[in-house]
Amino acid sequence: MNLISAVVLSVLVNLGSGAQNLTFPPWFLFGVSSAAFQVEGGWNASDKGESIWDRLLHTHPDVIVDGTNGDVACDSYHLWRRDIEMCEELGVNVYRFSISWPRLLPSGFPNYISEDGKNYYNNLIDGLLEKGIQPLVTMYHWDLPQSLQDLGGWANPLIVDWFADYARVLYTLFSDRVKYWLTLNEPMVICDAGYGLMGAPFLDDTNIGLYLCNKHVLMVHAKAYRIYDEEFRHLHHGMVSLSNVALWFEPETPADTEATKLMMQFYEGRYAHAIYSKLGGWPPELEKLLTENGKREGYPYPRLPPFTPEEIEYVKGTYDFYALNHYTSKQVRKVDPDKAGSWPYYGSKEIGADMVNGPAWERALSATWFAIYPEGIYKQLLWMKNNYGVNNIMITENGLPSFEPTLYDLKRANHIRNILEQVHRAMTEGVHVLGYTVWSMMDNFEWTSGHKLKYGLYAVNFTDVHRTRTARESARFYASVTRTRTIPLHETMDFE
Ligand code: NOJ
């Protein structure tokens, strides 16, 4: 299928006229993203084990807005050839996907490796490479084996060893061909949503379990990084990181500056400071605040489990690049902690601050929580460079949600263009951005929003047994960007 459209022509014409389109360097990686549970389906195919999302959706379908589940999803378990074809149509350099831990290790442990699981990922990896597309592999995108949840999951410190075993299997099987690895996707969501009734395992434990999880995700990541560093790097010369989700926060008024700093630490610093800062460990102001809050409530331990000096050193510096998932921005408003109520509500209460949309920021269709503020990513990129001194950043997720199934999604195409303009701006100001991957290649199972919320460059027909994928206008636009390595001037984006 040829995705050339009027948009591409406008880019080319514009290039020919010598107008100032923005060009990305040849090494810049354009990509698209997905995650195993959201696209694969085949939830019990062959010898696959049960994941915490399988369990949640089969026992509590009511937690999903439209009552759907991930049993079939996009059926990528069978349609992976078509997925590769779509990557080709889009002209991307990388495809980010995740491996389902219970598909590869049905018991959660390496006592037995599924042949079918292994073949599935080998086929996908080899198929991509044949087309010149680099696999960017997330080891864990939220689908923990239920067997490990039954043993305490992310609250059990033994998860550090369980994950290390899993990571070693992955490196052994695939790192001859996979050069980009992400250990965990959005630990913020693993802990804050998983222990805050927003995602599997759907626990209500925001005083103890959530903060145990906070420490364990960092230790898990560090150990998986170090295994690569010590046992595999000299053989395969790849790169390892973890994807953090970062909202850009700015104060609503100057009086909200301190609260904004804490909000930044709560959201991003809890999962980044230990790895990227020179100091290591928890962000100091946040650690102090949470310890005081816990004491006031009569808890004998600090909310954030302390790191030993050895652990601080062990976690610090465990990255080869900073992987950033960025979607939206918020303004921070200091309020009475008892009246604070933004998600995550406990974070808001701990800090005594709410998140609001900037008055001039447009909203993404009816998703009111999602403000469209492209400049946020520019500010975020500069902040990461200046705050942590990291200057090797890959944007591993970015996109625009919609409740509309329309193929004529000009808003999404424009959004991608405007975001890339801000990425380019940061690059011209000295931030080294390795690449950018769109979330998502196609509509998929959007967690508790089921199939209602759509992010896809391709629409998927979920009522069709063949799960037909159809390119949207945003796919055509993105294909033109990847082929020309250029984004058009704003005025050329008038599709009408
Ligand atoms: C972050 C997650 O990594 C992904 O799974 C999710 O679908 C997107 N954001 C959109 O919400």
Side-chain angles (χ1 to χ4, degrees), residues 31-41 51-53 56-57 63-66 68-70 73-74 76 94-101 136-144 181-194 196 198-200 217 221 241-248 267-268 271 322-330 343-344 363-372 376-377 380 394-403 409 412 415-416 419 436-460 462 474:
V32 279
S33 292
S34 73
F37 189 79
Q38 295 178 269
V39 301
E40 282 179 9
S51 77
I52 54 175
W53 272 93
L56 175 68
L57 301 185
V63 303
I64 307 303
V65 289
D66 57 2
T68 57
N69 60 38
C74 305
S76 287
V94 285
Y95 178 43
R96 175 182 175 220
F97 62 91
S98 79
I99 290 186
S100 157
W101 186 344
L136 162 57
V137 174
T138 314
M139 298 180 183
Y140 181 76
H141 202 123
W142 310 348
D143 45 356
L144 189 73
W181 291 96
L182 298 168
T183 55
L184 305 177
N185 179 65
E186 298 189 357
M188 156 91 188
V189 176
I190 298 173
C191 301
D192 292 52
M198 293 291 291
V217 287
H221 161 76
S241 189
L242 85 169
S243 275
N244 270 324
V245 56
L247 275 82
W248 172 248
Y267 256 84
E268 189 168 352
Y271 303 100
Y322 194 122
L324 167 72
N325 292 358
H326 173 90
Y327 284 90
T328 187
S329 301
K330 292 283 166 198
W343 190 88
R363 311 291 150 81
L365 297 173
S366 45
T368 48
W369 55 270
F370 193 112
I372 300 182
I377 200 164
Q380 179 75 45
M394 168 110 74
I395 298 152
T396 41
E397 278 187 38
N398 174 257
L400 191 74
S402 145
F403 290 115
D409 60 340
R412 181 171 290 114
H415 184 66
I416 293 171
I419 287 281
Y436 168 87
T437 73
V438 174
W439 185 273
S440 183
M441 178 155 81
M442 60 185 146
D443 294 343
N444 53 51
F445 181 76
E446 179 52 31
W447 310 111
T448 51
S449 299
H451 288 123
K452 264 192 102 177
L453 204 56
K454 299 174 188 306
Y455 280 87
L457 296 177
Y458 282 71
V460 176
F462 290 104
S474 57

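Whatever order the structure lists ligands and atoms in, that order sets their numbers, starting from 1.
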>> List ligand 1 atoms under 4.0 Å from Trp447, heavy atoms only on the residue side.
In response: 4 (C), 5 (O), 6 (C), 7 (O)
> Just which atoms of ligand 1 are under 4.0 Å from any heavy atom in Asn185?
Replying inline: 2 (C), 3 (O)
> What's the spacing between Ser51 OG and Leu56 CG if we round to 0.5 Å?
Replying inline: 9.5 Å
> Going by the order shown, which atoms of ligand 1 are within less than 4.0 Å of some heavy atom of Tyr455?
Replying inline: 10 (C), 11 (O)
> Nearest 0.5 Å, what's the CD-OG distance between Glu397 and Ser440?
Replying inline: 8.0 Å
> For ligand 1, which atoms, with element, lie under 4.0 Å from some heavy atom of His141?
Replying inline: 2 (C), 3 (O), 4 (C), 5 (O)
> Considering only the protein, which heavy-atom contact is closest to atom 11 (O) of ligand 1, and what is its distance?
Replying inline: Glu446 OE2, 2.6 Å
What donor-acceptor contacts under 3.5 angstrom involve side-chain atoms of residues 447-455, with partners at least two apart or in another chain?
unit_1, atom_1, unit_2, atom_2, d
Trp447, NE1, Gln38, OE1, 3.4
Lys454, NZ, His451, O, 3.0

> With Phe97, which residues qualify under ring-ring contact (aromatic ring centres under 6.0 Å, His included), at least two apart?
Replying inline: Tyr95
> Do you see a donor-acceptor pair shorter than 3.5 Å between the side chains of Asn398 and Tyr436?
Replying inline: yes
> atom 2 (C) of ligand 1: which protein heavy atom is closest, and how many Å away?
Replying inline: Glu397 OE1, 3.4 Å
